[in-house]
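Remember, it's a predicted structure, so these values are computed and weren't measured experimentally. Order of listing sets the numbers, starting from 1, for every ligand and every atom in it.
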Amino acid sequence: MTRPNSARLLIVGPQGSGKGTQGVLVAEAFGAPQIATGDIFRANITGGTELGKRVQAIIEAGDLVSDELTCELVRDRLAQPDAAHGFLLDGFPRNLAQVDDLAEFLDSRGEALDAVIELRVPQDESIARLRQRAIDQGRTDDTEEVIANRLAIYERETAPILDVYRERGLALQIDGVGTLDEVTDRIFASLARRGLTPDADENGDNGDNGAAA
Ligand code: AMP
């Protein structure tokens, strides 16, 4: 059995904290899918699906999609075989109701989270990064007004979920200011202190045989 160690992880931080980029790196290392609800919604909008049509206006305003729709989407995604041994969720949960829904879902499967990566970035820094992203990527929800709305929602709805995960002893607080590599190193060091380390890739094995193992 050469499947890499996997882990059930969340990455939480304000928009512009770099959590998307870091999340991909961590998920890859653990051979687990990175599941970003925002990316899934945007792909549906681009693809013109029924779901995309339902969420487009909400996302463009920077508001939250309903818990009902979002939780169902995440449950379906986590039930897929590639997430059986681990996953990294980015952008979910985003409020306390979603925290409860996730816990209930995992519980029903006899699973639990291993850690919550909390990426800490001061607000003026995340605003500066979002402005840059608006220039680089042209996202329709990166306008000044929508950025302000999304950060306000983060403070009001999402920041409280971190209190819950701190109380549960799951939160790993990471300083998100620095170069990409510096922050990545901090995340892996913090995970390692939790005993969460992906296997060294000794045989050049990339974990593809995980499904058959
Ligand atoms: P993100 O790419 O994570 O910034 O998400 C982009 C947008 O998708 C958000 O501003 C919300 O409108 C929507 N969204 C993403 N994840 C969630 C979630 N967990 N709950 C509700 N809405 C979400």
Q. Hey, looking at atom 8 (O) of ligand 1, which of I59, I40, V74 has the closest heavy atom?
A. I59
Q: Kindly confirm or rule out an N or O of R94 lying under 3.5 angstrom from an N or O of ligand 1.
A: yes
Q. When you measure from atom 10 (O) of ligand 1 to every protein heavy atom, which one gives the shortest distance, and what is it?
A. R150 NE, 3.9 Å
Q: Would you mind running through ligand 1 and noting each atom that sits below 4.0 Å from a heavy atom of D63?
A: 11 (C), 12 (O)
Q: May I ask you to check if ligand 1 and R42 share an N or O to N or O distance below 3.5 Å?
A: yes
**Q.** Any N/O pair P93/ligand 1 closer than 3.5 Å
**A.** no
Q. If you count the atoms of ligand 1 from 1 in the order shown, which ones are under 4.0 Å from a heavy atom of G91?
A. 16 (N), 17 (C), 18 (C), 19 (N)
Q) Using a side-chain heavy atom cutoff under 4.5 Å and only I, L, V, M, F, W and Y, what cluster partners does I147 have? A) I127, L130, L151
Q. Do you know which two heavy atoms are closest between P33 and R77, and how far apart they sit?
A. CB-NH2, 3.6 Å
Q | Nitrogen or oxygen of D39 less than 3.5 angstrom from that of ligand 1 | A | no
Q) atom 22 (N) of ligand 1: which protein heavy atom is closest, and how many Å away? A) V65 N, 3.1 Å
Q. Which atoms from ligand 1 have a heavy atom of T70 less than 4.0 Å away?
A. 18 (C), 19 (N), 20 (N), 21 (C)
(Q) Do the side chains of E50 and R54 get close enough for a salt bridge, i.e. N-O under 4.0 angstrom? (A) no
Q | Numbered atoms and elements of ligand 1 in range of F92, under 4.0 angstrom, heavy atoms | A | 19 (N)
Q: Return yes if some donor-acceptor pair links the side-chain N/O of D114 with the main-chain N/O of L9 below 3.5 Å, else return no.
A: no
Q. Of all heavy-atom pairs between L89 and L78, which one has the smallest distance, and what is that distance?
A. CD1-CD1, 4.4 Å
Q | L51 side, atom CG; Q56 side, atom CD - distance, nearest 0.5 Å | A | 11.0 Å
Q) Which residues satisfy the side chain to side chain donor-acceptor pair (under 3.5 Å) test with R186, sequence neighbours excluded? A) none
Q) Which of the atoms in ligand 1, numbered in the order shown and given with their element, are less than 4.0 Å from a heavy-atom of F41? A) 8 (O), 13 (C), 14 (N), 15 (C), 23 (C)
Q: State, to 0.1 Å, how close V121 and S126 come at their nearest heavy-atom pair, and which atoms those are.
A: CG1-N, 3.9 Å
(Q) Show me which atoms of ligand 1 lie under 4.0 Å from any heavy atom of T37. (A) 15 (C), 16 (N), 17 (C), 19 (N)
Q. Taking 4.0 angstrom as the limit, do D163 and R166 come out as a salt bridge?
A. yes
**Q.** Contact (N/O only, under 3.5 Å) between Q98 and ligand 1
**A.** yes
